[in-house]
Amino acid sequence: MSELKLRPHHVLCMLFYEGKGYNEDFVRHMDEVCGAPVDDLRVFLTGGCDEICAACPHRLGDRCDHDEKVSAIDRRTLERMGLTVPAEIDWRELSTLANERIIRAGKLREVCRDCQWITICDKES
């Protein structure tokens, strides 16, 4: 079984990822993370930087230089999915919660309203 440390809103980023990002290094890393098998993936939800943040140009040590914005998106994600941090959860369960309680519930724009990438995830934005 593989493991992944993930901040809450990054489940949404992974579900909609299509090869775009801040720079070439970030995209290459996202390709690796999103392309890895998820069959037995165990996710550890965290309140800070995670595996996706590893190649992000906005990462400053163990925090994000956009922390206020991304932490707010994390809080809204957790609230809609009924989860708290820290948590350990199976990828299938986490992605099902995201799909049912955010995406299919029509709450993506509300949850991710401050995200610069919303037009990738919500084509109606």
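Distance check: R63 CZ to S71 OG gives 9.0 Å after rounding to the nearest 0.5 Å. Atom CD1 of I52 is separated from atom OH of Y17 by 9.5 Å, given to the nearest 0.5 angstrom. Note that CZ of R109 and CD1 of I102 are 14.5 Å apart. Values are rounded to the nearest 0.5 Å. The structure places CD of E110 at 5.0 Å from NZ of K107, a figure rounded to the nearest 0.5 Å. In this structure, T46 OG1 and K5 NZ are separated by 4.5 Å, a value rounded to the nearest 0.5 Å. Note that SG of C115 and CG of D122 are 11.0 Å apart. Values are rounded to the nearest 0.5 Å.
Residues V70 and D114 form no side-chain contact, since every pair of their non-hydrogen atoms from C-beta on lies 4.5 Å or further apart. You'll find the side chain of T77 stays beyond 4.5 Å of the side chain of H10, heavy atoms only. You'll find the side chain of L108 reaches within 4.5 Å of the side chain of I118, heavy atoms only. Between L4 and M14 there is a side-chain heavy-atom pair separated by less than 4.5 Å. The shortest distance between side-chain heavy atoms of I103 and L12 falls below 4.5 Å. For the pair H9 and V111, the minimum side-chain heavy-atom distance is 4.5 Å or more. For the pair V43 and L41, the minimum side-chain heavy-atom distance is below 4.5 Å. The closest side-chain heavy-atom distance from L78 to L45 is below 4.5 Å.
Pairing each heavy atom of C64 with each of R7, the nearest pair is CB-NH1, 4.5 Å. When all heavy atoms of R80 and A105 are compared, the closest pair comes out as NH2-CB, 4.0 Å. Here the shortest heavy-atom pairing between H29 and A54 reads NE2-CB, 3.8 Å. Nearest heavy-atom pair across G21 and V27 is N-CG2, 3.4 Å. Nearest heavy atoms, N23 versus P57: ND2-CG, 3.8 Å.
For Y22, the ring-ring contact (aromatic ring centres under 6.0 Å, His included) test picks out F26, H58, W117, with sequence neighbours left out. E18 is linked by a salt bridge (Lys or Arg N to Asp or Glu O under 4.0 Å) to K20, K123, counting only residues two or more places apart in sequence or in another chain.
Of the charged side-chain nitrogens involved, at least one lies within less than 4.0 Å of a carboxylate oxygen, so that E88 and R42 count as a salt-bridged pair. Note on E79 versus R76: no salt bridge recorded, every NZ/NE/NH1/NH2 to OD/OE distance being 4.0 Å or above. Here R28 pairs with D25 in a salt bridge; the nearest charged N to carboxylate O distance falls below 4.0 Å.
Put simply, F44 and V11 are part of two different groups of oily side chains (I, L, V, M, F, W, Y) that touch within less than 4.5 Å, one to the next. Under the 4.5 Å side-chain heavy-atom criterion for Ile, Leu, Val, Met, Phe, Trp and Tyr, L94 and V38 are members of the same hydrophobic cluster.
Applying the salt bridge (Lys or Arg N to Asp or Glu O under 4.0 Å) test to pairs two or more places apart or on separate chains, none has a residue in residues 47-60.
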